[in-house]
Amino acid sequence: MSVEGQRCLCVVVLLIHTVRGAGESPSPPTLPSSSPTLKTEQNELTVSFPPLEDLYGNTPEKHFGTENNTVVTSQTGSTALLPCVIRNIGDGIVSWIRRKDYHLLTVGLTTYSSDQRFQAIHLQHSEDWTLKVRFVQKRDAGIYECQVSSHPPTSIFLRLDVVEARAQISGPTEKYLKPGSTLRLQCSVVQTTEAPAFVFWYHNSRMINYDVERGINVTTDPAQRLSDLLIPAASASHAGNYTCVPNNAVPASIYVHIFNGENPAAMQSSSPSYVRLNLNGFLLPTLVTIYIIR
Ligand SMILES: *[C@@H]1O[C@H](CO)[C@@H](O)[C@H](O)[C@H]1NC(C)=O
Ligand SMILES: *[C@@H]1O[C@H](CO)[C@@H](O)[C@H](O)[C@H]1NC(C)=O
Ligand SMILES: *[C@@H]1O[C@H](CO)[C@@H](O)[C@H](O)[C@H]1NC(C)=O
């Protein structure tokens with residue numbers, strides 16, 4: 001049957017029902033015991049419904065689907081999501097409160113805080129009333145309360161931990177190399193909850209990610225939070241300060257010395273202060289002399 005035909009049939013069936021309904025005698029319907037009952041008392045009409053659980057056979061009690069005292073960890077600068085799932089909320093309204101100062105952040109979908117980084121996220125028909133905090137800062141760490149209006153109100157508490165992601169270059173903070181040897185620096189981004197979008201390497205103040213013609217090879221694996229800098233044949237011009245700068249983490253630096261002669265790194269095993277003394281008192285003047293002679 002065509003769609004048109006089906007529609008026609010529906011209209012006809014509906015009409016028959018309407019006409020039959022109108023023609024019936026107005027005798028009161030006989031109600032089953034668990035249906036709504038009508039009572040007339042002193043000119044007042046009282047309507048009482050059986051408890052919902054009788055109709056459904058179970059208790060649709062309001063309860064939280066998110067575990068109480070859940071901990072959420074976010075890194076500074078990222079977006080934190082604090083979940084709050086409530087089953088059978090009925091006409092309850094969800095509010096988020098920051099406990100450290102009892103600051104009311106959101107009521108329903110309205111943000112009450114003047115800090116617009118806070119927002120309640122709720123999709124229609126979903127049971128989730130997530131609190132979204134954009135550009136998380138260290139001071140956002142603490143306890144947050146997801147409260148549902150009822151008599152009395154019920155709440156769960158979530159803890160937001162804020163970590164500061166930072167870069168870390170493996171090995172000591174100073175490196176000593178002979179000309180022609182391989183310089184390999186590995187930078188890892190630690191304490192992260194989000195992968196970096198990019199990692200820049202700086203040699204002193206110059207960004208060197210794309211300095212292939214200067215013998216520099218940078219490979220970054222954001223998913224592994226790793227970035228490698230490789231200089232297969234280091235020369236004196238490669239000496240200096242190397243800084244690894246992820247877009248979403250505190251940078252890290254390492255100083256590279258390139259020189260001919262005894263490797264002072266060998267002395268490092270004895271005592272760091274000894275190395276420092278030597279560098280200042282003896283090695284650095286020697287280095288300077290070498291460069292001047294050249
Ligand atoms: C959640 O835990 C707090 C104590 O940490 C308690 O006061 C509160 O009643 C708990 N909420 C629920 C829904 O169990
Ligand atoms: C850069 O190094 C990676 C390995 O770390 C290597 O696969 C790639 O071929 C190198 N690129 C150049 C231009 O040398
Ligand atoms: C290396 O560069 C970084 C970033 O410019 C700077 O913070 C750091 O102090 C420098 N380190 C040295 C030893 O010059």
Side-chain angles (χ1 to χ4, degrees), residues 59 61-72 82-90 92-100 102 127-129 131 142-160 166-177 182-188 199-235 238-247 249-258 264 272 275-276 279-280 283-284 287:
T59 313
E61 203 182 305
K62 181 178 77 225
H63 64 277
F64 289 93
T66 301
E67 208 175 310
N68 202 355
N69 303 307
T70 292
V71 177
V72 173
L82 305 182
C84 188
V85 172
I86 302 137
R87 312 224 187 274
N88 310 308
I89 188 168
I93 292 170
V94 180
S95 303
W96 278 97
I97 299 144
R98 182 171 64 204
R99 289 293 289 197
K100 74 173 175 194
Y102 291 93
E127 299 179 310
D128 193 5
W129 293 82
L131 178 69
I143 307 289
Y144 291 80
E145 176 179 355
C146 173
Q147 187 186 84
V148 185
S149 64
S150 55
H151 306 289
T154 49
S155 298
I156 55 165
F157 298 88
L158 289 91
R159 193 178 85 208
L160 174 63
R166 59 187 171 83
Q168 189 174 280
I169 298 173
S170 54
T173 54
E174 293 194 46
K175 241 178 163 22
Y176 302 88
L177 289 178
T182 300
L183 171 62
R184 192 188 296 274
L185 299 177
Q186 186 171 69
C187 177
S188 52
V199 176
F200 282 146
W201 281 91
Y202 283 82
H203 176 215
N204 300 321
S205 59
R206 180 188 169 93
M207 202 276 277
I208 54 170
N209 280 51
Y210 310 108
D211 280 5
V212 181
E213 73 284 358
R214 289 172 76 229
I216 293 163
N217 181 357
V218 170
T219 47
T220 299
D221 183 348
Q224 295 297 313
R225 291 130 159 91
L226 285 177
S227 185
D228 284 327
L229 172 84
L230 180 70
I231 301 177
S235 65
H238 291 122
N241 185 357
Y242 286 84
T243 306
C244 166
V245 187
N247 66 299
V250 176
S253 291
I254 186 171
Y255 205 91
V256 175
H257 304 269
I258 308 228
V275 173
R276 199 160 301 276
L279 277 174
N280 295 337
L283 279 175
L284 280 185
L287 275 174

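From a predicted model like this one, the values you see are computed outputs, not experimental measurements. Remember, it's 1-based here, ligands and their atoms both numbered in the order they're listed.
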Practice problem: Could you tell me whether atom 9 (O) of ligand 3 has a protein heavy atom closer than 4.0 Å? | Solution: no

Nearest heavy-atom approach of Ala167 to Ala249 is N-CB, 4.2 Å

Closest to atom 7 (O) of ligand 3 among protein heavy atoms sits Ser253 OG, 4.7 Å

For atom 13 (C) of ligand 3, the closest protein heavy atom turns out to be Tyr255 CD1, 3.9 Å

Within 4.0 Å of some non-hydrogen atom of Phe64, the atoms of ligand 1 are 13 (C)

Among non-hydrogen protein atoms, atom 3 (C) of ligand 1 lies closest to Asn68 ND2, 3.6 Å

Please determine whether side chain to side chain contact (heavy atoms under 4.5 Å, CB included) holds for the pair Leu230 and Thr219, giving the CA-CA distance in whole Å, both sets of side-chain angles, and the decisive distance to 0.1 Å.
CA-CA 8 Å; Leu230 180 70; Thr219 47; over 6 Å; no

- Task: Tell me yes or no: between the side chains of Gln168 and Arg166, is some donor less than 3.5 Å from an acceptor?
- Result: yes

The side chain to side chain contact (heavy atoms under 4.5 Å, CB included) partner of Leu160 among Ile143, Thr70, Val72, Leu131 is Val72

Thr154 heavy atom under 4.0 Å from ligand 1: no

Paired with Ser227, the side chain to side chain contact (heavy atoms under 4.5 Å, CB included) test is passed by just one of Ile169, Thr220, Val245, namely Thr220

Self-check item: Audit row: Ile216, Trp201, side chain to side chain contact (heavy atoms under 4.5 Å, CB included) steps and yes/no
Solution: CA-CA 10 Å; Ile216 293 163; Trp201 281 91; over 6 Å; no

The protein heavy atom nearest to atom 6 (C) of ligand 2 is Asn217 ND2, 4.1 Å

The protein heavy atom nearest to atom 4 (C) of ligand 3 is Thr243 OG1, 3.8 Å

Phe157 heavy atoms within 4.0 Å reach ligand 1 at atoms 3 (C)

heavy-atom search around atom 2 (O) of ligand 3 in the protein gives Asn241 ND2, 2.3 Å

for atom 5 (O) of ligand 1, nearest protein heavy atom and its distance come out as Asn69 OD1, 3.5 Å

Looking at Asn68 and Phe157, would you say the former's side chain and the latter's main chain have a donor-acceptor pair under 3.5 Å? yes

| task | Check the pair Asp211, His203 against side chain to side chain contact (heavy atoms under 4.5 Å, CB included), reporting the backbone distance first and the verdict last. | result | CA-CA 11 Å; Asp211 280 5; His203 176 215; over 6 Å; no

